[in-house]
Amino acid sequence: MSNFLSVMDSGKAVDKILFKPYSLPYYHLRIGGMISILVVTIYMDAVLAPQANSMTTNILGDYYYQTNQKLEASILYENAWAAYRKNQKAKNATAHLLFDLNQPTLAKEHLDQSFAEVPQVDNIMLQSSRMIRENRPFEAEYYLKNGLMRFPENPYLINNLALVYVKIQKPEEALALLSGINPNDPVLTSNLIALQSKLKKKNKSKPAQERV
């Protein structure tokens with residue numbers, strides 16, 4: 001554009017500009033184009049390429065999972081998470097498959113890695129439920145409490161933490177936790193009513209027990 005401004009509407013021939021353009025705009029245009037290509041290339045290599053690689057690895061992992069090749073699927077899901085850590089499916093799928101393959105220690109290591117680097121609600125839920133299954137409720141409490149710090153007011157974490165509190169004989173903490181919830185959540189509201197009824201029944205039965 002800057003090359004042709006001097007001859008626009010002047011009636012002068014443009015062959016000089018076409019075949020011998022001015023140096024400043026000529027090289028400026030090419031340098032700008034080169035910079036644009038470099039920026040796009042770096043962006044694709046740093047952002048788009050890992051996402052695309054993770055997506056294709058996930059698809060291949062899905063194929064192995066559907067064909068009941070769980071070990072191969074777990075390896076592919078693990079690689080997908082290594083390529084792109086914001087992949088919300090890979091770690092959870094890897095842990096589930098490793099539990100199915102009777103490798104709970106390795107599965108929990110993957111969940112701990114996700115908890116430390118890129119925490120997710122579903123991974124925290126899986127980790128805490130596994131702790132409950134192994135009769136380690138205080139560790140489940142730790143994961144759920146830290147999960148609530150990172151995902152405040154998440155109904156799933158609140159519900160499971162309240163159930164853990166009841167399990168470890170902390171009903172007052174469970175009641176306080178459920179009392180501050182959104183009343184529009186039917187599951188949490190039902191659990192709150194059930195816990196309130198349980199505590200009232202327990203309090204009413206104490207005098208009778210003392211008289212016996």
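Since this is a predicted model, take the numbers as computed values, not measurements.
- A73 and G61 make their closest contact through CB-O, 3.6 Å (heavy atoms, listed as atom of the first residue, atom of the second, distance).
- Salt-bridge check for E139 with R130: failed, with every basic side-chain N at 4.0 Å or more from each acidic carboxylate O.
- Membership of the apolar cluster around F99 extends to L111, L126, as traced through chained side-chain contacts below 4.5 Å between ILVMFWY residues.
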Can you list the steps and then say if D62 with K89 is a side-chain contact (heavy atoms from CB on, under 4.5 Å)? CA-CA 11 Å; D62 292 341; K89 170 186 176 181; 2.5 Å; yes
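- Here the CG atom belonging to L175 is positioned 10.0 Å from the CD atom belonging to E173, to the nearest 0.5 angstrom.
- Note that CD of E109 and CG of L98 are 10.0 Å apart. Values are rounded to the nearest 0.5 Å.
- Expressed to the nearest 0.5 Å, how far CG of N92 lies from CG of D122 amounts to 4.5 Å.
- Other residues, nucleotides and ligands contribute over 12 non-hydrogen atoms within 6.0 Å of the CZ atom of R136.
- When all heavy atoms of D100 and K70 are compared, the pair lying nearest together is OD2-NZ, 3.8 Å.
- Here N123 contributes atom CG and D112 contributes atom CG; the two are 10.5 Å apart, rounded to the nearest 0.5 Å.
- At a threshold of 4.5 Å between non-hydrogen side-chain atoms, the residues K108 and Q103 do not count as touching.
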For side-chain contact (heavy atoms from CB on, under 4.5 Å), just list the numbers for M55 and N58, CA-CA rounded to whole Å, side-chain angles, deciding distance to a tenth of an Å, and then say yes or no. CA-CA 5 Å; M55 180 183 68; N58 258 333; 5.6 Å; no
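- Partner W81 forms a side chain to side chain contact (heavy atoms under 4.5 Å, CB included) with one of Q113, K86, H110 and no other, that one being Q113.
- P171 and L195 make their closest contact through O-CD2, 4.0 Å (heavy atoms, listed as atom of the first residue, atom of the second, distance).
- Put simply, L97 and L106 are part of two different groups of oily side chains (I, L, V, M, F, W, Y) that touch within less than 4.5 Å, one to the next.
- Checking side-chain atoms of S54 against main-chain N and O of A80 turns up a donor-acceptor pair under 3.5 Å.
- Closest approach of A95 and A107 over heavy atoms only: O-CB, 3.6 Å.
- Within a 6.0 Å radius of OH in Y84, other residues, nucleotides and ligands contribute more than 12 heavy atoms.
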Please tabulate, for side-chain N and O atoms in residues 152-168, each donor-acceptor pair with protein atoms closer than 3.5 Å (sequence neighbours left out).
| residue | atom | partner | partner atom | Å |
| --- | --- | --- | --- | --- |
| N154 | OD1 | Y156 | N | 3.1 |
| N154 | OD1 | L157 | N | 3.2 |
| N159 | OD1 | N191 | ND2 | 2.3 |

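- Side-chain contact between F151 and I124: present, with at least one pair of heavy atoms (C-beta onward) separated by less than 4.5 Å.
- Here the side chains of V121 and M125 are in contact, with some heavy-atom distance below 4.5 Å.
- The line from CG of N87 to OH of Y77 is 10.0 Å long, rounded to the nearest 0.5 Å.
- In the hydrophobic clustering of this structure, F138 groups with Y142; members are Ile, Leu, Val, Met, Phe, Trp, Tyr whose side-chain heavy atoms approach within less than 4.5 Å, directly or through other members.
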What's the verdict on side-chain contact (heavy atoms from CB on, under 4.5 Å) for Q196 and L192, showing C-alpha distance, side-chain angles and the deciding distance? CA-CA 6 Å; Q196 288 172 336; L192 175 60; 3.8 Å; yes
For Y64 and L71, run side-chain contact (heavy atoms from CB on, under 4.5 Å): C-alpha distance rounded to whole Å, both residues' side-chain angles, the deciding distance at 0.1 Å, then the answer. CA-CA 9 Å; Y64 277 107; L71 179 59; over 6 Å; no
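- In this structure, the side chain of Q120 engages the main chain of Q88 through a donor-acceptor pair within 3.5 Å.
- One finds a salt bridge joining K170 and E141 here, because a Lys/Arg side-chain nitrogen approaches an Asp/Glu carboxylate oxygen to under 4.0 Å.
- Within the structure, ring pair (Phe, Tyr, Trp, His ring centres under 6.0 Å) contacts touching residues 114-134 (residues at least two apart or in different chains) are F115-Y143.
- L178 CG to S190 OG: the interatomic distance, rounded to the nearest 0.5 Å, is 10.5 Å.
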